[in-house]
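Below, read A as the first sequence line, B as the second, and so on, with proteins coming before strands; counting in each chain starts at 1.
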Amino acid sequence: MPPRPLSPHLSVYKFKYTLTTSILNRFTGLALSAGLLLLVYWLMAVAGGAHAQARAARLLSLPLVRLVYGALIMAFCYHLIAGIRHLVWDTGRGLERAQAHRSAWLVVGVSIALMLLVGYWAWLAGARAP
Amino acid sequence: MTGFRLPANSRIVKGITHAAPRGTRELRTVRIYRFNPDAGVNPRLDSFELDARSCGPMVLDVLIQIKAAIDSSLTFRRSCREGICGSCAMNINGVNRLACTTATRDLAAEIRIYPLPALPVVKDLVADLTNFYAQYASVKPWLQTRTPVPADRERLQSKEEQERIDRPAACILCACCSTACPSYWWNSERFLGPAALLAAYRWIIDSRDEATGERLDELEDPFRLYRCHTIMNCTDVCPKDLNPARAIAEIKKMLLERQS
């Protein structure tokens, strides 16, 4: 007998608040891990003397790299708030269906507010810089 | 381990359309996953157009009507038609539910029905639950005791002790929760899944059970228990309103507490 087919999963399952918040948490976590490379590069440049530092400063202020920072800041805000939701869950609280539904929207709302706040602060800092 | 993409033999191809009978007033289109193990071809998605007034209010009524009037080869499991046997669990409009307790009027005009996700398909909407049942058996879902039974009475519990297990004990093993869980999709050979873990929890917190330590030992494993990442699909879909996610969180807490 030929092997049985596998029933469809990801391609048919509805992306409700559960799946969406979870997968966003995964993706932002991955993005932040990758983003650490930028930080490592900057730290190495700082340790590598004035020449390396100046080159890094030039490279890191390119518009495209700034765009990456922006994305990383957004990822950080979401990942932080979603992580707090997971911490609360791990204490055994907030696990009823209605609570989880509410907290999903809360995470989205609070992380967007945080993104705007950090974005505004970064924009101010950028405007002050020479 | 299941991949993100379906294997080549599992990809769904275009199916047959059964046009609505003449004089249809309330058209309802139902797309159903079909697989015939004897045909040697890929699964397909058939469309059935019918008059909504020709069948009863639930999705199961629609399936029975299609089987009776349009295609008698349509295969699905059903028994009690009142949400207590768990046989007719399937993926309806993207969410796992019981066909018998899902009213068609609560769904979009077009209904899409697939078997429970990420399982081997036996035929049409009938998926192979062998592994699911084996995992249930692996948590030893029965009372385990060391002490002798009291001579003059049964092993009694208080009302509160019974109430603690009321909800987890109401599981009907329909598999809606486990097959809604992405962690279970990717690791069903090693992760026990929400249904089996809910059953394990029901016996761990049973005041009469005396194998709590052994039960927790069995679960202390990076895969059997800890593949749960609190995605919450299980609790979201449970047709009996049970809470496997909380049961799993409680087991994790108990494992942590006994370390200290």
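Ring-plane geometry between A/His9 and B/Trp186 is classed as perpendicular, the angle between the planes exceeding 60 degrees on a 0 to 90 degree scale with a lower cut at 30.
Residues B/Tyr33 and A/Val12 have side chains not in contact (no heavy-atom distance under 4.5 Å, counting atoms from C-beta outward). Between B/Leu6 and A/Leu10 there is no side-chain heavy-atom pair separated by less than 4.5 Å.
With rounding to the nearest 0.5 Å, the separation of OG in A/Ser22 from CE in B/Met232 is 11.0 Å. Put simply, NZ on A/Lys14 and CG on B/Asn233 are 11.5 Å apart, with the number rounded to the nearest 0.5 Å.
We find that B/Glu250 and A/Arg93 are not joined by a salt bridge, their nearest charged nitrogen and carboxylate oxygen being 4.0 Å or further apart.
Contacts of A/Phe15 with chain B are absent, with no heavy-atom separation under 4.5 Å from either backbone or side chain. Heavy atoms of A/Thr91 lying under 4.5 Å from chain B belong exclusively to its backbone. For B/Ala8, no part lies under 4.5 angstrom from a heavy atom of chain A. Both the backbone and the side chain of B/Asp241 have a heavy atom closer than 4.5 Å to some heavy atom of chain A. Heavy atoms closer than 4.5 Å to chain A are found nowhere in B/Asn42, neither backbone nor side chain.
Tested against A/Ser7, the residues B/Leu119, B/Leu125, B/Asn91 include a single side-chain contact (heavy atoms from CB on, under 4.5 Å) partner, B/Leu119.
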